[in-house]
Amino acid sequence: MAALPRLLCASALALLLWAGLCSSVCVEVPSETEAVQGTDMKLLCISCMKREEVTASTVVEWFYKPPEGGKDEPIYEHRKSIHEFPSRFSGRIQWNGSKDMQDVSITVLNVTLNDSGVYTCNITREFEFEIHRPLFQSSRKIHLTVVEEAGEDFTSVISEIMMYILLVFLTLWLLIEMVYCYRKVSKAEEAAQENATDYLAIPSENKENCAVPVEE
């Protein structure tokens with residue numbers, strides 16, 4: 001049942017990619033908040049530039065706070081160069097952002113149950129104007145939960161059922177339309193053949209004053 005949703009998602013991603021190639025579009029998509037133990041988890045953090053025509057220097061800082069609370073612990077920084085702070089994530093963080101620094105995501109490799117918590121992504125941009133250099137700051141929080149096994153989402157099951165129902169309905173509607181069109185064309189051909197037969201049955205001296213009706 002998961003094949004069709006994956007196909008639809010792939011088509012949607014392809015459409016977004018095509019749109020992004022045709023026009024420079026930045027979409028701030030929220031990150032997923034659940035990961036399965038032992039897999040790689042991308043912490044999505046996108047901050048679209050408000051003025052794409054202005055160059056800016058960007059600093060990205062990632063923090064982690066355990067679910068039981070406490071202080072934000074710095075785990076990763078991108079300030080012209082990449083710096084990984086000593087933490088429980090040492091050696092398990094990879095940069096997964098874009099060159100234009102609008103996507104500043106990271107990936108945590110081989111997540112464990114202890115990786116659950118609150119991840120904060122801080123973005124600081126310094127715009128390079130001639131007169132002054134204003135700062136733009138934004139922050140994203142991701143409440144991540146790591147589970148032992150992937151659970152079945154009830155909402156996704158309902159969505160899959162509705163998509164299959166819609167697919168069956170569209171298939172039946174298409175068959176009905178094809179049958180209707182076929183019967184309409186067949187009737188038109190039969191009517192044209194009957195008119196031609198009637199015309200041939202008329203004596204030749206009367207054909208000049210007789211016109212075969214034309215079916216529209």
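Atoms considered below: every heavy atom in the structure, side chains included; atoms not considered: hydrogens, waters and symmetry mates. This is a predicted model, so every value here is computed, not measured.
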**Study point:** Residue pair Phe85, His83: steps toward the ring-ring contact (aromatic ring centres under 6.0 Å, His included) verdict
**Key:** CA-CA 6 Å; Phe85 294 92; His83 176 66; 4.6 Å; yes
Exercise for review: Check step by step if side chain to side chain contact (heavy atoms under 4.5 Å, CB included) holds for Lys65 and Thr120.
Suggested key: CA-CA 8 Å; Lys65 183 169 66 175; Thr120 303; over 6 Å; no
Practice item. Not counting sequence neighbours, which residues clear side chain to side chain contact (heavy atoms under 4.5 Å, CB included) with Pro67? List them please. Key: Tyr64
Practice item. For the pair Glu148 and Leu113, evaluate side chain to side chain contact (heavy atoms under 4.5 Å, CB included) and give the outcome as yes or no after the intermediate values. Key: CA-CA 7 Å; Glu148 294 183 358; Leu113 296 177; 4.0 Å; yes
Review point. Shortest non-hydrogen contact from Leu144 to Asp115?
Key: CD2-O, 4.1 Å
Check your understanding: Are Asn114 and Thr112 linked by a side-chain donor-acceptor pair shorter than 3.5 Å?
Key -> no
Practice item. Hey, could you give me the NZ/OG distance between Lys80 and Ser57, rounded to the nearest 0.5 Å? Key: 7.0 Å
Revision key, fill the gap. Note: Lys42 and Ser105 closest approach over all heavy atoms is CE-CB, 3.6 Å
**Study point:** Donor-acceptor contact below 3.5 Å, side chain Gln37 vs main chain Val146
**Key:** no
Review point. Out of Ile82, Ile75, Leu109, Thr107, which one pairs with Ile93 under the side chain to side chain contact (heavy atoms under 4.5 Å, CB included) rule?
Key: Ile75
Check your understanding: Atom OG1 of Thr33 and atom CE of Met41: how far apart are they, to the nearest 0.5 Å?
Key -> 7.0 Å
Exercise for review: Applying side chain to side chain contact (heavy atoms under 4.5 Å, CB included), name anything that partners Glu61, two or more places apart in sequence or on another chain.
Suggested key: Val59, Phe63, Glu77, Arg79, Asn122
Exercise for review: Look only at the side chain of Asp40 and the backbone of Asn110, and say whether a donor-acceptor pair between them is shorter than 3.5 Å.
Suggested key: yes
Point to revise | Closest contact, heavy atoms only, Lys71 versus Pro66 | key: O-CD, 4.4 Å
Review point. Would Ile142 end up clustered with Trp95 when hydrophobic side chains under 4.5 Å apart are linked, directly or stepwise?
Key: yes
Point to revise | Interatomic spacing from CD1 in Ile46 to SG in Cys121 - rounded to 0.5 Å | key: 10.0 Å
Review point. Looking at Pro86 and Glu73, what are the two nearest heavy atoms and their distance?
Key: O-OE2, 4.1 Å
Exercise for review: Dump the intermediate steps for side chain to side chain contact (heavy atoms under 4.5 Å, CB included) on Arg183 and Val179, then the final yes or no.
Suggested key: CA-CA 6 Å; Arg183 295 182 62 182; Val179 172; 4.0 Å; yes
Revision key, fill the gap. Looking only at heavy atoms, the pair that brings Ser47 and Phe136 closest together is OG-CE2, 4.0 Å
Exercise for review: Mind listing the closest non-hydrogen atom pair of Thr58 and Ile123 along with its distance?
Suggested key: CG2-CG2, 3.9 Å
Review point. Hey, is CD on Glu68 packed in by over 12 heavy atoms from elsewhere, all under 6.0 Å?
Key: yes
Review point. Does Arg140 have any salt bridge (Lys or Arg N to Asp or Glu O under 4.0 Å) partners at least two apart in sequence or in another chain, and if so, which?
Key: Glu28
Revision key, fill the gap. In this structure, CG of Leu44 is separated from CG of Asn96 (nearest 0.5 Å) by 9.0 Å
Practice item. Give, for atom OG1 of Thr171 and atom CD1 of Ile176, the distance between the pair rounded to the nearest 0.5 Å. Key: 11.0 Å
Review point. Can you tell me how far CH2 of Trp62 sits from CG of Asp72, rounded to the nearest 0.5 angstrom?
Key: 12.0 Å
